[in-house]
Amino acid sequence: MSVWEFFGYFVFLYPLYMSVVWIIGGLIFFMRWETKAVPSLDEYPPFSIIIPAHNEEANIGQTVENLKDLNYPNYDVIVANDGSSDDTAYILEGLVEKYSDWLKVINVNPNGGKAKATNAALLFSKGHFILVMDADSILDKDALTYMAWHFVSYPRLGAITGNPRVLNRTTLLGKIQVGEYSSIIGLIKRAQRILGKILTVSGVIAAYRRSALFQCGLFSADTVTEDIDMTWKLQKTFWDVRYEPRALCWVLVPETIKGLFMQRVRWAQGGIEVLKKHSNVWLDIKQRRLWPVYVECVVGMLWAYSLAAYIIFWLVSYALCYLYGLDLAIVNTSFPLLPRKTGSILTLVCLFQFVVSIAIDSRYEEKSSLKYYFWAVWYPFAYWIISAVAAIVGVYNMFIRKSGGVSVTWKSPDRGLHTLK
Amino acid sequence: MEESGQRSTHIKIIDNPGLRSPIRIFSEGFSTLVCWGVFACLAAPVVSLIMKIFDIHIPFSGIDSQSGINDNLVFMCYFLGFQPKIIDRPVLKSPLRYLFEGSFTLALWALWVYWLMPIFTLLLWIFGFHLYYSENLIGGGMEELLNTFKNGGLAVLVIACVMLGWTYYNYLWFLRRGERRNKSEAIIFDGDIARYFNVNLGHLRRVRAQSIINISIDNDQIILPVTHNKKAYRLKAI
């Protein structure tokens, strides 16, 4: 087998087999966990909701107002205003006057980043469990109850992440991300939960046991994705991390290519930083359950590079043939979009994965989410390319620009077309 | 709380087509249709095989409901955004009637499909499905595809068995070892937090009692505000 053939098989077969793993894992998780009703709680331990915010004047009011009547009797909210230069502090003052019995504001100066702001808020938290959520997201009324049940029932549970749902769906990018959040993020988390370890909690909605956070040394400010880092720290200290898809949180996603690309580069770079930071899991046999997650993450990175190399190599070969009349057999036999056996099967499996994931997640949508299936076909065309390029740029940022390992401050992408007009 | 995790209805999805220009709406829709076309091309060989194996000649069947409204019409209405109030109560029908109506309709559909076969054949021929015969039956492609399916099914089976086996192994392992391996406390109290940050518990509680707290971070250390003892606290680095 030539190197080219190997690349070709790897590029096509890796997503194919991982897709099968995700579908099977997602279905097992769905049948095992999601069809059951959550038992009512005998006690409601105190929950603290921490919202780190930086220049969030457009969204913070709605986010906090939404928290006033959650279906959980024992909670408080702490907003960590991290050196905002807009009217966030002023808006929060007004909110504290209205809701002083459950709302607290920590003004942190100077701006030090999400991790430090969250850590500062933890100092003033009262809850046994801590929910960290974004300042531009809407928490579902029942989310705390679903999460608290896991914490109360399983003492070894260190963190649990909820199900982020896309709120803004005006543009094509918004609609594609509806499918992506179901088909990729949701299905992968379900499968990883079945296999035992999760790559990362969703930073937009993740609840932690407070004692676990302190045991792990709180959030680290030296990575661009503190949520991935915390997930690994918890699991390395043998805390369990779970996924609860019924705990919903409605999030604003970027609707410009630039914003989306920035977000994906940050995710990719965060993943690489965490792999580098926690590479010592290979030195401890007790950490063996993290090895598959680590390997999957590394192979995913390699796949991104392989896909890019595959496409570039084919384009260059085609250009050489066209310009100089060279007879390269590779061009005639390997055009990626011809309906050959492997590509055809990959396409069908991909479509089936979308069907499974959207069907599973449709129970969390008020109206049918089937219409978003129409837009899901974009995912392999646009998103694989964006993800591959983002992974390459992430590695470049990490190892060439050496931008990792420093205290990271806020850099948010856009929050939808409606916020840009 | 709702039992099955259905989403609550207070969330309003932001989907405002008015924010998009007509050109953008057209280009997004058109290019997505192109994507579907490419997908259809990619999937065509396997689809043709499946159609042949299962003798499928129509996209979806329509069995008339007893109310006289064709299911296809309901299907179309659903996708067009308006769903009529259908009266469909199968419990009112006797099993015999249910069986008769269903089987008779199916038989009629088979007859209709038989009548329409030449048109389907023509359409399939136009779209290049005649290659199916030459490539899959004469050229032996069907055996190869069936082998692919067999190997693929075997791979899926192996993956499923490995996943289930691994999950069950973990379940048994932790069942034998007990719930926790780490000995950490499930709950941490204010005194522990004060010790962690190296701050006086009383001072922490006094500051915490305020609704708006202004703190500084200097060299990664939290500096609590001045209260009764006229000094600011420098806490453990974060």
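Worth knowing before you read on, the calculation uses all heavy atoms, side chains too, and leaves out hydrogens, waters and symmetry mates. Here is the naming used below: chain letters follow the sequence lines, and residue numbers restart at 1 for every chain.
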Exercise. Look at B:Val162, B:Ile193, B:Val156, B:Thr167 and state which one has the largest set of heavy-atom pairs under 4.5 Å with chain A.
Key: B:Ile193
Quiz item: With a 4.5 angstrom heavy-atom cut-off, which part of A:Val166 approaches chain B: side chain, backbone, both or neither?
Solution: backbone
Exercise. Heavy atoms only, distances under 4.5 angstrom: which of B:Ala160, B:Gly152, B:Ser31, B:Ala155 has the most pairs with chain A? Name it, please.
Key: B:Ser31
Practice problem: Answer yes or no: does atom NZ of A:Lys236 have more than 12 heavy-atom neighbours from other residues, nucleotides or ligands under 6.0 Å? | Solution: yes
Quiz prompt | Inter-residue atom distance A:Ile24.CD1 - B:Leu164.CG, 0.5 Å rounding | solution = 8.0 Å
Quiz prompt | Heavy-atom pair of closest approach, residues A:Leu123 and B:Arg208 | solution = O-NH2, 3.1 Å
Exercise. Report the relative orientation of the aromatic rings in B:Phe189 and A:His128; use parallel for angles under 30°, tilted for 30 to 60°, perpendicular for over 60°.
Key: perpendicular
Quiz item: Looking at A:Leu16, A:Val20, A:Leu195, A:Val96, which makes the most heavy-atom pairs under 4.5 Å with chain B?
Solution: A:Leu195
Quiz item: Which is it for B:Ile213 and A:Phe124 under the side chain to side chain contact (heavy atoms under 4.5 Å, CB included) test, yes or no, and what are the steps along the way?
Solution: CA-CA 9 Å; B:Ile213 304 166; A:Phe124 304 103; 3.8 Å; yes
Quiz item: Can you list the steps and then say if A:Lys175 with B:Thr32 is a side chain to side chain contact (heavy atoms under 4.5 Å, CB included)?
Solution: CA-CA 11 Å; A:Lys175 289 180 169 71; B:Thr32 306; over 6 Å; no
Quiz item: Considering only heavy atoms, which portion of A:Ile106 lies under 4.5 Å from any heavy atom of chain B: side chain, backbone, both, or neither?
Solution: both
Practice problem: Go through the atoms of B:Ile25 and report whether side chain, backbone, both or neither lie under 4.5 Å from a heavy atom of chain A. | Solution: neither
Practice problem: Considering non-hydrogen atoms only, spot the tightest contact between B:Ile159 and A:Tyr17 and give its length. | Solution: CD1-CD2, 3.7 Å
Quiz item: What is the minimum heavy-atom distance between A:Ala120 and B:Ile215, and which atoms define it?
Solution: CB-CD1, 3.5 Å
Self-check item: chain A contact via B:Tyr168 - side chain, backbone, both or neither, heavy atoms under 4.5 Å
Solution: neither
Quiz item: Do you know the tightest heavy-atom contact between A:Arg210 and B:Asp190?
Solution: NH2-OD1, 4.0 Å
Exercise. Would you check if B:Tyr196 and A:Leu122 make a side-chain contact, meaning some heavy-atom pair closer than 4.5 Å?
Key: no
Quiz item: When B:Ile212 is tested against each of A:Leu92, A:Asn107, A:Asn81, A:Leu103 for side-chain contact (heavy atoms from CB on, under 4.5 Å), which residue passes?
Solution: A:Asn107
Quiz item: Take atom OH in B:Tyr169; do more than 12 heavy atoms of anything else shown fall under 6.0 Å from it?
Solution: yes
Practice problem: Pick one of side chain, backbone, both or neither for A:Glu93, based on which atoms fall under 4.5 Å of a heavy atom in chain B. | Solution: both
Exercise. Identify which part of A:Phe374 has an atom lying under 4.5 Å from any heavy atom of chain B, answering side chain, backbone, both or neither.
Key: both
